[in-house]
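Because the structure is a prediction, the values reported are computed rather than measured. Values reported hereafter were calculated over all heavy atoms of this structure, with side chains retained and with hydrogens, waters and symmetry mates removed.
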2 protein chains.
Amino acid sequence: MTIDSRTSRAPTLEMVAAEAGVSRATVSRVVNGSPKVTAEVTAIVNDAIARLNYVPNRVARSLASRRTDVIALIVPESTSTVFADPFFAPVVRGVARALSDTDYTLNLLIASEARPQKTRRYLLGGNVDGALVVSHHAEDHSYVGLGSTLPIVFGGRPINPETFDSYFVDVDNVHSARTATEHLIGLGRRHVATIAGRQDMPAGIDRLNGWRESIDAAGGDPALIEIGDFSQSSGADAMNRLLDRGVPIDGVFVANDQMAAGAVQVLRTRGLSVPGDVAVVGYDDDTFASTLTPPLTTMHQPSADLGATMAELLVRLIAGEEVPRRTIIPTHLIVRGSA
Amino acid sequence: MTIDSRTSRAPTLEMVAAEAGVSRATVSRVVNGSPKVTAEVTAIVNDAIARLNYVPNRVARSLASRRTDVIALIVPESTSTVFADPFFAPVVRGVARALSDTDYTLNLLIASEARPQKTRRYLLGGNVDGALVVSHHAEDHSYVGLGSTLPIVFGGRPINPETFDSYFVDVDNVHSARTATEHLIGLGRRHVATIAGRQDMPAGIDRLNGWRESIDAAGGDPALIEIGDFSQSSGADAMNRLLDRGVPIDGVFVANDQMAAGAVQVLRTRGLSVPGDVAVVGYDDDTFASTLTPPLTTMHQPSADLGATMAELLVRLIAGEEVPRRTIIPTHLIVRGSA
DNA sequence: TTGAAAGCGCTAACAA
DNA sequence: TTGTTAGCGCTTTCAA
């Protein structure tokens, strides 16, 4: 057997077969760990593989077998800001962890927003067995349509879950907000306000609704609402507006930790003690939450679990199993110093 | 031609050819934008494509053409901490930006450290045309070996650049450290110390060497060195050790901003003014550098440019062009309040 | 248990 | 300009 050294290319399965003196089918079986190959033959083949330094061509394999063993996690390019997003990193870690036990390779697909077709074609072109979409923001749902062609699991509630029969996993924002608010009420606070987040995102809407439910149930004032945009400064502004109303307030549920940080700052600036005068509960359990003064009591998002759950569901979906379309991950309250 | 609806699969190029009444080759030409196809025929084919909702199978394409139009950026799984790493995000953004103009799709490959073979096989299995490796840490060089099989561009100086004829782009740490140190000297400081980083990383070694060169040239004291591990607390410790020596010090070049933050804190705690008593220059221009008190004077790393440059080089390498094995990105000093 | 042979869907000479 | 014809490297029935 001669190899043209000028164009020497990666060894193929066929070369291994020749080297081992068996058929290509047998080599294929050995490579894929088929049980019905003599230990003897297996050894011979493995020897040949080692000698030739053979690495299977996955592309050819994919074409023939219609599987890739690759799962994509789609990252909107703009969200490269995503790297700064304290929510995203743990999700990725959870996905990676869940997948490391499997034969799947994880693929963060940076979706160029300027050329969405590039991503679409990659996804639909047989490069992956399934995809994960973390849609932190409402608009990221350009991928819902692919759901009928490619197994996809979404993270975060889709805007219209009924419209599309997509699979998704999310935390129960409504219930979490209730837990937070009820903690405040349980502390004896009678005038519990809320600083809500953007009302065009599920997280913003649902958390406000949770607060509302608790307040209604407890007979509190349902008008103590100010809306922010999830940024720290918007939280500060909202807190100021709340205080400027001149009505008593002794507790605030804030829809995320960033805004909570702003609110606490305002409170202290205006001479109110936290939690003495006003107790504050945040949401997200961001990394900085424990370093604030006082340390922030907040709702912990099990982001890594969310990622892991998404990955597990997708793997089962690919395997053709029946899986629930809607999976809810529990959250829990972390009591620190602010409430 | 009949399609079994139970097993209805994605339309193939062959189906498009039949629908349009042309050969598969012609369809292929249209899909790939070949110039030598009649406008008329092109229109007919495109119609058929639209009617059938045809999306080319990239895997088959890859197998036949030996190209994938995919570039991988390898991310060590542990480095999922990477997402918190202020250096990594801009690099990724730079890569993404450079690639968005091309036909390449960017693929962040999360390399499972528990099963390194998975990544290796993916890379060597024909899934990508080339790879980018950002080796922040010395150990990440398990991929150097692949360089002979797959075009690879490294970010950051390899440990033994002479040993492996790999391609890499890096900032000139030695020169940058000189710039920083000379700024201090230019300010009239006569006793300029340094807090160096880990001496098992190129960044740590080179920055120390740069300081040394400047000090030697200026006739300063070459013994004013303390080593940290790039963490803030290690910077504080190092500063304390420096001050405890009891010798005069009126300037410090610190090998990264994290350590610089720790050093400044210690300085102020011990009643020394910055930059009055001791001027401090950091390195990295981390996002928080401008928010310190006083705002930190530091060396700016053009991380996005580094990423973009890496991507451009790789693309040219894949195209078979000659490219330099060593590319150095310039840095620049940002003068703020600390020196 | 092993081998032979027919594709997987596409590209790329080479002809026409 | 368009079509014909071999493959790309592997998997997978089906026989042996």
Closest listed nucleotide, where the reference is the side chain of Val22(A) and the choices are dT2(C), dT2(D), dG3(C): dG3(C)
What is the separation between atom CG on Asn32(A) and atom C1' on dC10(D), rounded to the nearest whole Å? 9 Å
Do Asn127(A) and Arg121(A) pair up side chain to side chain, a donor and an acceptor below 3.5 Å, judged on atom types alone? no
Would you say Thr38(A)'s side chain and Glu40(A)'s backbone share a donor-acceptor pair under 3.5 angstrom? no
At their closest point, which heavy atom of Asp170(A) faces which heavy atom of Leu306(A), and how far apart are they? CA-CD1, 4.1 Å
Does the side chain of Ser28(A) get closer than 4.0 angstrom to OP1 or OP2 of dT11(D) through an N or O atom? yes
Check whether any side-chain nitrogen or oxygen of Arg66(A) sits under 4.0 Å from OP1 or OP2 of dG9(C), and answer yes or no. yes
Between dT11(D), dT1(D), dA12(C), which one does the side chain of Ser65(B) approach most closely? dA12(C)
Whole-Å distance separating the CD1 atom of Ile44(B) from the P atom of dT1(D): 16 Å
Ion pair present between Asp69(B) and Lys118(A), side-chain N to carboxylate O less than 4.0 angstrom? no
Leu124(B) CG to dG9(D) P: how many Å, rounded? 14 Å
Using a 4.0 Å heavy-atom cut-off, does Val31(A) contact any base of the nucleic acid, only the sugar-phosphate backbone, or nothing at all? nothing
Considering heavy-atom distances to DNA chain D, does Leu63(B) or Val37(B) have its closest nucleotide positioned more toward the 5' end? Val37(B)
Using only atom types and a distance under 3.5 Å, with no angle test, would you say the side chain of Arg58(B) pairs donor to acceptor with the backbone of Thr68(B)? yes
Rounded to whole Å, please give me the gap between CE in Met15(A) and C1' in dC8(D). 15 Å
What are the atom names and distances for every N/O pair under 3.5 Å that joins the protein to nucleotides 4-7 of chain D?
| from | atom 1 | to | atom 2 | distance (Å) |
| --- | --- | --- | --- | --- |
| dA6(D) | N6 | Arg24(B) | NH2 | 3.0 |

Which heavy atom in Arg97(B) sits nearest to a heavy atom in Ala304(B), and how many Å separate them? NH2-CB, 4.0 Å
Rounded to the nearest angstrom, tell me the gap between atom NZ in Lys36(A) and atom C1' in dG3(C). 13 Å
Would you indicate what Val27(A) reaches in the nucleic acid, counting non-hydrogen atoms under 4.0 angstrom: base, sugar-phosphate, or nothing? nothing
What residues in residues 55-62 of chain A put a non-hydrogen atom under 4.0 Å from any atom of DNA chain D? Pro56(A), Asn57(A), Ala60(A), Arg61(A)
For Val59(B) and Gly126(A), which heavy atoms make the closest approach, and how far apart are they? CG2-O, 3.0 Å
Please give me the minimum heavy-atom distance between Tyr54(B) and Leu13(B), naming the atom from each residue. CE1-N, 3.4 Å
Rounded to the nearest Å, what distance is computed from the CG atom of residue Leu13(A) to the C1' atom of nucleotide dG3(C)? 13 Å
Could you tell me how far apart Arg67(A) (CZ) and dC8(C) (P) are, to the nearest whole angstrom? 18 Å
Counting only heavy atoms from other residues, nucleotides and ligands, does the tally under 6.0 Å from CD of Glu321(A) exceed 12? yes
